[in-house]
Amino acid sequence: MNPAVRRLLYALGALLTLVTIGTVGYAILGHGRWTFGDCVYMTVITLSTVGFAELNDMARVPGARALTVGLIVGGVGTLAYVQGNVTALLVEGVIGQAFRRNRMRKAIDELKGHIVVAGAGSTGRHAVEELLVTRTPFVVIDRDHAHLEHISEDLADGKLLFVVGDATEDHVLLAAGVGRARGVVAALTHDKDNLFVTLSARSLNAGARIVAKVTEVETVPKMIKAGATSVVNPTMIGGRRMASECIRPEVNEFLDQMLRDRDKNLRLEEIVIPPASTLAGTALKDTPIRRETRVLVVAVRDLNRVFIYNPEPDLVLQEGTTLIVMGETDSIVKLRQLVTDSVVRPTIEPAQPGGRSLRPPV
């Protein structure tokens, strides 16, 4: 139960208790002199401090005015407590939810190059965990609002960005910013739903990388034709993992510890050398990658899409080269920033008579 609702119920219970005490008290003290309605009426106007006329002959009834004084003192505090909790319920409830929805909508609208996770079930939840650990911006779509709130509190301290709705519908994908996203994870329960998500996402964003979950092998070619960049079959992965546990248990233990290490968050990541980067044309040993970020370059994928494992220090990087690196999350964030800062921006010269000139730096 919502804490604000619980507090309001406690406050209303205290108020009802005072009304009961006052009504019964006046009835006992009056010895039948006042009707039940008169007793309730006197109790209510006393607790509310409205101050209408007293009951008939109250001055002659011993203890009646003392009871009235007690009800006034107790009523002021109780009513203030009730009013405070009603206000809190409005702020934290309807009004608070409206503010949170507006803030979330604005935050989603400002995202660019993020990941859209369609489906927050068992598969989607694990995808969310990995995106959180790697500090990758993302938005989750699911029909169950309560489930999304639970995941938000459980994994993201209530800061999860999500859209409540059916991910197979275009307007829901657009609300999650799929047109500006760099990737989509279709992790719904049924293959046909993931197929719809893939078709819609591809039509809305031709350049996004779409990873779709499949449960039936026969669905794989259909998913690829629909526009999926790659497909993942959890059953197949599970079976291969079980066999791998028998064949190479130490390797699996290393990978498990790498993924489960909450202190260092060791990860394998990929970094692409962008155009106009000063790292292009530089030998791997001459770059500040190892010195400033302390990440390990495990492999390099050249422009021919060929992997070069354990690259030599003399390997010269080129624009479009992909670095496969291993390191802690903080170090990989530093590497991404290093690569971003290495891009040389063109400079615009001051306007000259007769026109303007744009010339990149020499």
For residues [X] and [Y]: do they belong to one hydrophobic cluster (side chain heavy atoms under 4.5 Å, members Ile, Leu, Val, Met, Phe, Trp, Tyr)?
| X | Y | value |
| --- | --- | --- |
| Met326 | Leu335 | no |
| Val197 | Ile108 | yes |
| Val217 | Ile224 | no |

- [ ] Could you walk me through whether Val298 and Leu268 pass side chain to side chain contact (heavy atoms under 4.5 Å, CB included), step by step?
- [x] CA-CA 9 Å; Val298 179; Leu268 283 167; 4.1 Å; yes
Looking at [atom1] of [X] and [atom2] of [Y], how far apart are the two atoms once the value is rounded to the nearest 0.5 Å?
| X | Y | atom1 | atom2 | result |
| --- | --- | --- | --- | --- |
| Tyr26 | Leu67 | OH | CG | 4.5 Å |
| Ile308 | Ile324 | CD1 | CD1 | 11.5 Å |
| Arg180 | Asp109 | CZ | CG | 6.0 Å |
| Ile332 | Gln337 | CD1 | CD | 14.5 Å |
| Leu338 | Thr287 | CG | OG1 | 8.0 Å |
| Leu323 | Leu279 | CG | CG | 8.5 Å |

May I ask you to say whether [X] pairs ionically with [Y], meaning some side-chain N is under 4.0 Å from a carboxylate O?
| X | Y | answer |
| --- | --- | --- |
| Arg241 | Glu245 | yes |
| Arg267 | Glu130 | yes |
| Asp341 | Arg336 | no |

Could you tell me whether the side chain of [X] and the main chain of [Y] form a donor-acceptor pair under 3.5 Å?
| X | Y | value |
| --- | --- | --- |
| Thr23 | Thr20 | no |
| Asp191 | Glu216 | yes |
| Asp193 | Leu188 | no |
| Asp302 | Phe307 | no |
| His190 | Thr215 | no |
| Asp166 | Thr168 | yes |
| Asp142 | Leu148 | no |
| Asn252 | Arg248 | yes |
| Ser277 | Ile273 | no |
| Asn205 | Ala208 | yes |

Show the nearest heavy-atom pair for residues [X] and [Y], with the distance to one decimal.
| X | Y | value |
| --- | --- | --- |
| Met223 | Ala212 | CG-CB, 3.5 Å |
| Leu204 | Asp170 | CD1-O, 4.1 Å |
| Leu111 | His114 | CB-ND1, 3.6 Å |
| Pro62 | Leu29 | O-CD2, 3.7 Å |
| Met104 | Phe162 | SD-O, 3.1 Å |
| Val297 | Ile289 | CG2-CG2, 4.4 Å |

Compare all side-chain heavy atoms of Val325 with those of Glu270 and state whether any distance is below 4.5 angstrom. no
- Query: Would you say Ile115 and Pro137 make side-chain contact, with heavy atoms under 4.5 Å?
  - Reply: no
message: One pair to check against salt bridge (charged side-chain N to carboxylate O under 4.0 Å, His left out): Arg135 and Asp330. What are the steps and the verdict?
response: CA-CA 9 Å; Arg135 304 178 190 177; Asp330 291 340; 2.4 Å; yes
